[in-house]
Amino acid sequence: MADTAEGGVMRRGRNETEEERADRMWQELIQEVRVAQMGVQILFGFLLTVVFTEKYDDLSGTDQTIYLVTVVLGACATGALIGPVSLHRLVSGRRVKPQAVQLASRLTLLGLVLLLATTTSSLLLILRVATHNGFVPYLVAGVVAWYLLCWFVLPLWTRHRYTSR
């Protein structure tokens, strides 16, 4: 990392213009979104097929409600994670890339939260149907804790630990 003086203040980081930084950040964000989009689209696709199976009619009212909530969460996650692509396409060439990157980043974070909720409710439904056992909520809570650790706690800890103030 290079230290540069701007107005008497030392700044660490790359020597790039705001536009160059926005371009770089956009490329990084779009790669991240591609990974998340693939997962949410596959999960959502499978969710959409469940209602057409014979087993769906055998689900309890609670399990059908969990299923419906899961499908809506999956649809919302899909929308949030595809949103940055539409945003980029509609504002491309309008000289608002720094603002678009910021908004796309927020949409991506929202999409990840919705993906967490979708995955959690999917797991809850699957384990309820597969096991009918009282340990299911504990198992789901453990998986959610794992996701929270991997997706949010470790990245936030890293940002706090290694970002200069």
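Contact annotation: the side chain of Thr118 approaches that of Ser122 to within less than 4.5 Å [non-hydrogen atoms, C-beta and beyond]. Side-chain contact between Trp157 and Phe152: absent, with no pair of heavy atoms (C-beta onward) separated by less than 4.5 Å. With contacts defined as side-chain heavy-atom distances shorter than 4.5 Å, the pair Val50/Lys55 does not qualify. No side-chain heavy atom of Leu116 sits under 4.5 Å from any side-chain heavy atom of Leu112.
Ion pairing between Glu28 and Arg24 holds under the 4.0 Å rule for side-chain N and carboxylate O.
Judged purely by atom type and a 3.5 angstrom limit, Ser86 has no side-chain atom pairing as donor or acceptor with the backbone of Gly83.
With rounding to the nearest 0.5 angstrom, the CE atom of Met25 is 9.0 Å from the CD atom of Glu16. The distance from atom CD of Gln64 to atom CG of Leu59, rounded to the nearest 0.5 Å, is 5.5 Å.
Remark: Leu127 pairs with Leu123, Val136, Leu139, Val140 by the side chain to side chain contact (heavy atoms under 4.5 Å, CB included) rule, at least two apart or across chains.
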Ignoring hydrogens and angles, write down the donor-acceptor pairs under 3.5 Å from the side chains of residues 87-108, residues two or more places apart or on other chains.
unit_1, atom_1, unit_2, atom_2, d
Lys97, NZ, Asp23, OD1, 2.9
Thr108, OG1, Ala104, O, 2.8

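One hydrophobic cluster, built from ILVMFWY side chains closer than 4.5 Å, holds both Leu125 and Leu47. One hydrophobic cluster, built from ILVMFWY side chains closer than 4.5 Å, holds both Leu148 and Leu124.
Among pairs with a residue in residues 29-65, those fulfilling ring-ring contact (aromatic ring centres under 6.0 Å, His included) read Tyr56-Tyr67, at least two apart in sequence or across chains.
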